[in-house]
Structures are given as structure tokens and as C-alpha cells.
Amino acid sequence: MFGSLWLLTLTSAPWLLSRAIDHGLAAREPGTLIGWAVAVLVVGAASAGLGIMRHRSMTKLRMTVALQTADLVMTHATRLGSALPRRITAGEVVTIGISDVWTIGRAMNVGGVGVASALAISVVAVVLFRISHMLAFVVLIGVPLLALFVGPLLQRGQRAGLRYREQQGELNARLVDVLGGLRILNGLGGKQTHLERYDRESARLRDQGYRVGGPFSWIGALGDGLPVVFLAVVVWLAARLAASGELTVGELVGVYGYTAMLVIPVNVLIFCSFDVTRGLVSARRVVDFLRLPADDPSGGPAPDGPATLHDPASGVFVEPGRLTALAGARPSDAAGVIDRLGAYGPTDATWGGRPLAGVAQPEVRSRILVAEPDAALFAGPLREVVAGRAEPDDDRVRTAITTAVAHDVAAELDRPIEWAGRNISGGQRQRVRLARAVHADPEMLLTAEPTSAVDAHTEAAIAERLSTARRGRGTVVATTSPVLLDRADVVHHLVDGRVAATGTHRELLATAPGYRDLVTRVFEEDE
């Protein structure tokens with residue numbers, strides 16, 4: 001509404017000027033001239049006010065759309081939970097949240113200004129038709145011709161923009177990965193290698209950006225240049241009509257005003273097509289993200305009490321109340337078993353004989369906890385970090401910290417922990433994560449390599465205290481540590497993702513050569 005009224009006031013100003021010239025100035029009627037001049041002043045003031053309101057409403061719409069889109073993305077990311085990094089890179093999510101939502105917001109303004117521009121062009125065409133059929137015909141033919149110039153460029157720009165957007169997400173993903181592992185890369189001397197790789201990919205993205213900028217730069221040039229050429233043609237024709245006496249001086253000034261004003265809606269329509277093209281590219285990426293399947297919270301009931309977990313894909317059985325270890329040469333095999341037993345992603349696992357995928361998600365999440373080795377640590381006092389979503393209880397928090405041998409993190413529970421545990425060492429972060437998992441006290445705890453970043457003495461203490469603290473509860477540990485394996489009630493030796501042998505640690509050392517070779521190799525590496 002504001003856009004349409006604003007452009008209509010711009011359209012009415014040339015008509016008022018033509019009336020003032022023909023009926024006031026040319027007729028030498030001061031009173032009439034003053035009246036028309038006042039009308040021009042009023043319309044100009046109204047145009048200024050409507051222009052302000054148009055801009056405010058467009059800004060509000062753009063911000064609202066962007067923030068609502070960001071809210072949809074954040075809500076879906078939260079719904080995906082721990083499945084999020086398994087289905088999309090962090091760089092892609094960052095690009096959506098920083099770039100795409102604002103591009104979509106800008107594209108949503110096209111509806112208002114596009115309708116207003118089309119309305120203004122139609123009004124000018126009607127007014128010109130009353131002055132000269134030829135001028136109206138030129139206007140009605142000229143606008144579609146501009147679209148013919150711009151259309152192919154928009155198609156090229158959209159195709160190049162899709163490729164650019166994909167490469168941008170991949171590059172951002174690499175940047176996030178490098179920043180997250182900067183300390184490790186520094187210790188391994190790999191910073192320069194990753195810097196060179198990032199430089200190469202950044203240069204490739206820059207070159208693709210040039211290919212995107214080519215057609216869009218032409219669109220910008222045509223958006224500013226073609227309407228001016230169009231204006232020159234109409235004014236030249238109008239001047240010839242005025243010279244032949246077919247137009248009055250006032251009508252000539254009015255025609256110039258109409259066509260000069262037409263530069264605005266024609267330019268707006270060209271840049272609307274530009275914004276729509278970029279908005280469609282961003283919208284496709286957002287829609288692809290929103291289509292990522294989230295866990296269905298609905299489902300059947302869980303077993304009434306502690307029950308056996310079984311993964312048919314690997315042959316692993318996990319009995320309640322026992323410490324079960326998964327040992328394999330490939331960490332990904334054990335991680336896959338834990339993901340299936342924790343119902344992260346597609347799974348054929350059963351829980352007490354019931355398909356785990358058919359159990360209501362809240363039941364699974366409240367009773368089966370997958371403690372990932374790189375799980376996020378939120379900022380806050382140590383007691384709140386360890387307590388997680390539970391109300392902090394200092395005695396319970398201290399017990400969990402003792403079990404995880406994390407007493408060196410802080411003497412007091414008020415010590416602030418920064419986001420991602422940036423102010424503590426890697427080994428301390430690992431033990432704080434373990435303390436948080438122990439504090440949660442789930443019916444079934446599944447964790448991978450909980451002692452990989454600690455020394456042998458600390459590892460032995462964790463193995464002893466964890467088995468004691470989790471007595472009566474089911475625990476699954478993916479590890480090749482002989483210390484932890486020796487504490488396990490049952491060990492599954494995995495080969496190519498399948499159970500090759502099952503027994504206690506000492507039984508497998510005596511009867512399974514492959515297991516003995518695996519554990520011996522790990523022990524020698526530790527030594």
C-alpha cells in the first residue's frame with residue numbers, strides 16, 4: 001500500500017506541473033499558478049511521508065522474514081539435536097544463518113515494490129494514451145523489451161549462483177573444522193598445510209564468484225542504463241510532437257516527468273528480478289535443510305524396566321547392569337554400533353525385544369544416553385556444566401567429578417568454564433564430559449573412548465571408579481584400552497563391524513588371536 005501510494009504521488013506530480021504551466025504560467029494567471037504550485041507542494045510532502053513509511057514497512061518486512069526464517073532454521077536444528085552434525089556440515093548451517101536468511105528477507109520485499117511498480121507503469125501508460133497513442137505504445141512495448149535483455153542474464157546468474165552457494169557452504173565447513181582443531185593442528189605442525197588448502201579452495205570460490213558477478217553486473221548496468229535510454233527515446237518523440245504543435249508546453253513537461261518517473265519502477269522491476277533470483281538460490285538451501293528428517297517423538301512404549309539392547313547389524317548384545325566393552329581396530333565400527341543402539345539415525349536395534357526405532361523418542365533419550373567424545377560443553381560454573389539440565393546438587397556433582405577423576409579441573413565448583421571448555425586442557429574436557437554423563441545416571445550409558453586423552457595412572461583410576469559408580473546400571477564403552485577392557489564384564493571383539501568373538505578380556509586374550517594382537521599392539525603403542 002505505501003509503495004503504491006508513493007509511486008502514484010510521483011506519477012501525479014508531472015500532471016500537476018503540466019496543469020500549472022498550461023493554465024497558470026502560459027495563461028498568465030497568478031492565482032491559478034499559485035493554486036497549482038500549492039498542490040505540487042502538498043503532493044511532494046505526501047510523497048516524502050509515504051516514501052518514509054514505504055521504507056519503514058519494507059525494512060520491517062525484511063527483518064521479520066529474515067528472523068522468522070532464522071527461527072525456523074534454529075528450531076529444526078534443535079529438533080535434529082545430536083543428529084545434526086551427522087546430516088549437514090557446521091559451515092552450511094553457518095552460511096544459512098548468516099547469509100541466506102537475509103537474502104530471503106530482501107527477496108520478500110519484491111511483492112510490495114513489484115506490485116507498486118507495475119501499477120505505476122500502468123497508470124503512466126493510461127495518462128500517456130490520453131496525450132498521445134504513439135507515446136503510450138512506446139511505453140507499453142519498451143518495458144517488455146527490457147525484460148528480454150535481462151531475462152537470459154538472470155538465468156545464467158541463477159545457475160552460477162547455485163554453484164557458488166554450494167562451494168561457499170563447503171568452504172565455511174572447512175573453516176569451522178580448522179578453527180575447531182587449531183590447537184591440535186598447531187601441535188602437529190599442520191597449520192600451514194591446511195592454510196594452503198584453504199587458500200586454494202578460497203581462490204576457487206573467488207573465481208566462481210566472478211562468474212556469478214558477470215551476469216549480475218550486466219543486470220546492474222542495464223538496470224541503470226536501459227531506463228535512461230528508454231527515457232531519451234520517449235522525450236525525443238514528445239519533443240517532435242511539441243515542435244509540430246501536437247503537444248502543449250505543459251504536456252511536454254508532463255511527458256518528460258512521466259518518463260523520468262518511469263525510470264524508478266522500471267529500475268525497481270529489474271532489481272526485483274535480481275533479488276528474486278538470489279532469494280530462490282538461498283531458499284532452496286534453507287528448504288533442503290528443513291527437509292532433513294528429524295527423529296519422530298511419537299512411538300510406542302519402552303520396556304517397563306532395564307532390558308537388553310541388541311544390534312542385529314553387528315551382533316552386539318548389551319545386558320542391563322553390566323559393563324560391556326566394544327573393541328575393534330576401526331573406531332568407526334564401534335561408533336556405528338553406539339549410534340544404532342542410541343537410536344541416532346536409521347537402526348534395526350531392539351530394546352527388550354521391541355524395535356528401538358518404534359519406541360517414543362523421549363523415552364529413549366531419557367533412559368539411554370550416548371556420551372560422545374566431542375560433545376559440546378556449555379559456558380557456566382563447573383557445577384552447572386556437570387549437572388547439565390538437572391538442578392545442581394553439590395554432593396552429587398562432586399561424586400561425579402571424583403568418578404571421572406576430574407578433581408584437577410577446579411578446587412571449587414564455582415570455577416567458570418568457557419564455551420567448549422576453551423580454558424581447560426583436552427584431557428580435562430574429556431573428564432568433565434565423563435563426569436556429566438555419570439551425573440546424568442542413565443539406565444544405559446554408551447560412550448566412546450572416555451580415557452583416550454589421559455595418562456595410564458588416571459585411566460586406571462577412572463576404570464575402577466566408573467565400574468563401581470555404574471554398578472547395577474548398563475554401560476557400553478568403545479575402547480581398546482587394556483585397563484578398561486580388563487574391568488568389563490563382557491567384551492565384544494569387532495572385525496569389519498561384526499562381532500568376531502565375545503568373552504571376558506582374559507578369555508579373549510587366551511582364545512582369540514586377533515583380539516590378542518589388537519590389544520598387544522595398543523599396549524605397545526601406549527608404552
Side-chain angles (χ1 to χ4, degrees), residues 79-83 86 293-328 332-372 375 388-390 403 434 436-450 466-479 484-485 487-495 497-505 507-508:
R79 192 181 299 119
L80 289 170
S82 297
R86 295 172 171 85
D295 293 336
D296 186 359
S298 62
D304 294 334
T308 301
L309 283 172
H310 172 51
D311 175 36
S314 63
V316 169
F317 282 89
V318 177
E319 300 290 341
R322 306 188 76 185
L323 176 58
T324 303
L326 306 176
S332 59
D333 291 341
V337 174
I338 288 178
D339 279 350
R340 292 191 292 272
L341 293 177
Y344 285 107
T347 179
D348 294 324
T350 60
W351 187 14
R354 305 178 186 184
L356 187 60
V359 178
Q361 186 204 35
E363 286 281 343
V364 177
R365 295 289 176 259
S366 64
R367 295 171 59 180
I368 301 176
L369 173 63
V370 176
E372 297 180 318
R389 65 179 181 179
T403 300
L434 180 59
R436 183 173 60 182
V438 172
H439 182 279
D441 194 29
E443 179 181 306
M444 188 70 71
L445 173 62
L446 296 82
T447 179
E449 299 293 348
L466 181 63
S467 60
T468 301
R470 293 289 301 169
R471 185 172 293 124
R473 297 283 202 177
T475 306
V476 178
V477 179
T479 183
L484 280 174
L485 293 170
R487 284 282 177 178
D489 298 309
V490 60
V491 178
H492 294 295
H493 179 214
L494 301 178
V495 177
R498 296 282 305 174
V499 174
T502 299
T504 65
H505 172 60
E507 289 172 351
L508 293 179

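On a predicted model such as this, the values are computed, not experimentally measured, just so you know. Computed from heavy atoms alone, side chains included, the values below leave out hydrogens, waters and symmetry copies.
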Test side chain to side chain contact (heavy atoms under 4.5 Å, CB included) on L323 and R470 and set out the steps.
CA-CA 8 Å; L323 176 58; R470 293 289 301 169; over 6 Å; no
Can you tell me how far [atom2] of [Y] sits from [atom1] of [X], rounded to the nearest 0.5 angstrom?
{"X": "T350", "Y": "L309", "atom1": "OG1", "atom2": "CG", "answer": "7.5 Å"}
{"X": "T475", "Y": "M444", "atom1": "OG1", "atom2": "CE", "answer": "8.0 Å"}
{"X": "D311", "Y": "T347", "atom1": "CG", "atom2": "OG1", "answer": "6.0 Å"}
{"X": "T479", "Y": "L484", "atom1": "OG1", "atom2": "CG", "answer": "4.5 Å"}
{"X": "D489", "Y": "T504", "atom1": "CG", "atom2": "OG1", "answer": "10.0 Å"}
{"X": "S314", "Y": "R340", "atom1": "OG", "atom2": "CZ", "answer": "5.5 Å"}

Determine yes or no for a side-chain-to-main-chain donor-acceptor pair under 3.5 angstrom, with [X] supplying the side chain and [Y] the backbone.
{"X": "H310", "Y": "V316", "result": "yes"}
{"X": "R365", "Y": "G342", "result": "yes"}
{"X": "H505", "Y": "R487", "result": "no"}

Those residues at least two apart in sequence (or on a different chain) that pass side-chain hydrogen bond (donor to acceptor under 3.5 Å, both in side chains) with H493 are none
Specify the closest pair of heavy atoms between [X] and [Y], including all atoms of both residues, with the distance to one decimal.
{"X": "V491", "Y": "A488", "result": "CG2-CB, 4.0 Å"}
{"X": "A371", "Y": "T447", "result": "O-OG1, 3.4 Å"}
{"X": "L369", "Y": "A440", "result": "CD2-CB, 4.0 Å"}
{"X": "A302", "Y": "W351", "result": "CB-CZ3, 3.6 Å"}
{"X": "L485", "Y": "A325", "result": "CD2-CB, 3.6 Å"}
{"X": "G497", "Y": "D333", "result": "N-OD2, 3.2 Å"}

If the condition is salt bridge (charged side-chain N to carboxylate O under 4.0 Å, His left out), which residues does E363 pass it with, not counting sequence neighbours?
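For E363 the salt bridge (charged side-chain N to carboxylate O under 4.0 Å, His left out) partners, ignoring immediate neighbours, are R367.
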Testing T324, T308, V490 one by one against E319 for a side-chain contact (heavy atoms from CB on, under 4.5 Å), which residue passes?
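It is T308; the other options fail the test.
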Given L341, which partner from the list V370, I368, V318 fulfils the side-chain contact (heavy atoms from CB on, under 4.5 Å) test?
V318
